[in-house]
2 protein chains.
Amino acid sequence: MRKTFLFMDTIINKVDAKGRVSLPSDYRAIVKESSSEIVCYRSLTSPCIEGCLEDLLDKLASDMENSLDFFSQEQDDLTNLVFGDAKRYPFDSTGRIMLSEKLLKHANITDSAVFVGKGRKFQIWSPQNWEKEEARIRAEVLKNRPSLRNTNGDNK
Amino acid sequence: MRKTFLFMDTIINKVDAKGRVSLPSDYRAIVKESSSEIVCYRSLTSPCIEGCLEDLLDKLASDMENSLDFFSQEQDDLTNLVFGDAKRYPFDSTGRIMLSEKLLKHANITDSAVFVGKGRKFQIWSPQNWEKEEARIRAEVLKNRPSLRNTNGDNK
DNA sequence: TGGTATAGCATGGGATTTTATGGGAATCAA
DNA sequence: TTGATTCCCATAAAATCCCATGCTATACCA
């Protein structure tokens, strides 16, 4: 039994004519611990798809219930957006999922999909968009390096 | 039961035609306490590979979740950078891992790999790069020696 | 003390399994 | 019926397993 469940690595897979994509086997191994489906929704901030285990959304729901901002407009909007958009995507016996038109369009994905690990969740990008995003992040982090050290608690 | 889990020592092993390297047995003994795989990623600052137990990244994920907002840009960037690059490397029954092309290229490793202990993590260098790095570190220490003496309070 | 047995380790190569991917048949819904 | 989704099988490439070998360090014994 695995102790940790982190989505990692960056993997590019093909989207076939029917719209099917293989979920990377590492991801599948994690998901299989608890179910045979992932939850996906359009990223609120980027032209990409986000995916995670249903557990994470459950935790998000709990966190929001427990927060002081229970009645805030902002929380309301966020939960509407996330839960209104999210949907379960089961994978078949060969490990493929079929993403909806809505998701693919939001992420500009046509024939290839890039899976990017983010720890408890992951993202799915088009190769072109991911290339741009990765460059932006590297530049950004390089600029703010000191704060990274603090968060990390490790200097090297 | 072992009490401490520190990667130590410097060991050079061969990378075979398939890209396999033996993880030093001392390292393996540490890893085996909790699993049979390590996590590796490209060092942000040096031309080498870094490795650690998944626990360390899991802790990082938790820290991020607790200190940054779920939807914040900063959290987004950091998780992409860290988890997008990291990957699990399980070792087989003879104790070998198979490093990816991406990692080998970043560290300029071809047929030999130098494992350098760093406590909770370790680094993997090409012999040439490690030679240079070691020289640099020695020079650095020599340069700072006076202040080191002062701190020590002992002149000889 | 010196020589030898032994266990653990690094390494090589072949066999086996997994994975990503394509396509056809079966099933379902409008 | 038609269009789409699901299931099943096929294949090539890649990853993983497994066994064999030689080396080294340590233990053991005379």
Side-chain angles (χ1 to χ4, degrees), chain A residues 2 7-33 35-38 40 49 51 87-105 109-117 122 124-127 130, chain B residues 2 7-33 35-40 49 51 86-105 109-117 122 124-127 130:
Chain A
R2 185 189 292 274
F7 295 106
M8 293 190 261
D9 205 2
T10 298
I11 282 162
I12 180 165
N13 279 344
K14 286 198 176 176
V15 181
D16 71 16
K18 298 181 187 176
R20 298 176 299 183
V21 211
S22 284
L23 197 64
S25 69
D26 273 9
Y27 290 21
R28 235 152 52 211
I30 293 174
V31 178
K32 271 189 187 163
E33 296 278 333
S35 77
S36 65
E37 55 190 20
I38 55 172
C40 290
I49 303 165
K87 179 169 165 8
R88 292 190 192 87
Y89 291 85
F91 48 83
D92 63 26
S93 60
T94 62
R96 284 182 286 199
I97 55 176
M98 231 186 86
L99 297 169
S100 70
E101 264 308 311
K102 187 175 72 174
L103 292 184
L104 293 174
K105 199 170 165 191
I109 293 172
T110 54
D111 61 348
S112 287
V114 183
F115 291 79
V116 183
F122 59 89
I124 312 176
W125 293 77
S126 71
W130 173 241
Chain B
R2 184 189 293 272
F7 295 107
M8 293 190 257
D9 205 1
T10 297
I11 281 160
I12 180 165
N13 279 342
K14 284 199 177 175
V15 181
D16 72 14
K18 296 183 187 175
R20 297 177 299 184
V21 212
S22 284
L23 197 65
S25 69
D26 275 7
Y27 291 20
R28 233 151 54 211
I30 294 174
V31 179
K32 271 188 186 162
E33 295 282 331
S35 77
S36 65
E37 55 191 20
I38 55 170
V39 173
C40 291
I49 303 165
K87 177 170 171 7
R88 285 191 199 88
Y89 290 86
F91 48 82
D92 63 26
S93 59
T94 63
R96 284 180 289 197
I97 55 175
M98 226 185 88
L99 297 170
S100 71
E101 266 307 310
K102 187 176 72 173
L103 292 184
L104 294 175
K105 199 170 163 193
I109 293 172
T110 54
D111 61 349
S112 287
V114 182
F115 291 78
V116 183
F122 58 88
I124 312 176
W125 293 77
S126 71
W130 173 241

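Labels below follow one simple rule: chain letters A, B, ... track the order of the sequence lines, proteins then strands, and each chain is numbered from 1. Predicted, not measured: the structure shown is a model, and the values here were computed from it.
Between the CG atom of L99(B) and the C1' atom of dT16(D) there is a distance of 15 Å, given to the nearest Å. Rounded to an integer number of Å, the gap from OH of Y89(B) to P of dT16(D) is 10 Å. To the nearest angstrom, C1' of dA15(D) lies 14 Å from CG of D9(A). In this entry the distance linking CD1 of I97(B) with P of dC17(D) reads 14 Å, nearest Å.
If you check every strand for non-hydrogen atoms under 4.0 Å, S22(B) touches a base. As judged by a 4.0 angstrom heavy-atom cut-off over every strand, L23(A) is placed among residues touching the sugar-phosphate backbone only.
D111(B) places no side-chain N or O within donor-acceptor distance of the main-chain N or O of V15(B), the cut-off being under 3.5 Å.
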Protein-nucleotides 21-24 of chain D N/O pairs closer than 3.5 Å?
none

Please tabulate, one pair per line, each protein N/O and nucleotide N/O from nucleotides 4-8 of chain D that are separated by under 3.5 Å, including the distance.
unit_1, atom_1, unit_2, atom_2, d
dT6(D), O4, K18(A), NZ, 3.3
dC7(D), N4, R20(A), NH1, 3.3

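Residue-environment remark: NZ (K102(A)) exceeds the threshold of 12 foreign heavy atoms within 6.0 Å.
Bounding nucleotides for the chain B contact on DNA chain C, 5' to 3', at a heavy-atom distance below 4.0 Å, are dC9(C) to dG14(C).
D9(B) is linked by a salt bridge (charged side-chain N to carboxylate O under 4.0 Å, His left out) to nothing, counting only residues two or more places apart in sequence or in another chain. Evaluation of the side-chain contact (heavy atoms from CB on, under 4.5 Å) rule for S126(B) yields N108(B), I109(B), Q128(B), N129(B) as partners, not counting sequence neighbours.
One end of the helix from dT1(C)-dA30(D) to dA30(C)-dT1(D) points its axis 40° away from the other end's axis, with each axis taken from 5 pairs and the angle rounded to 10°.
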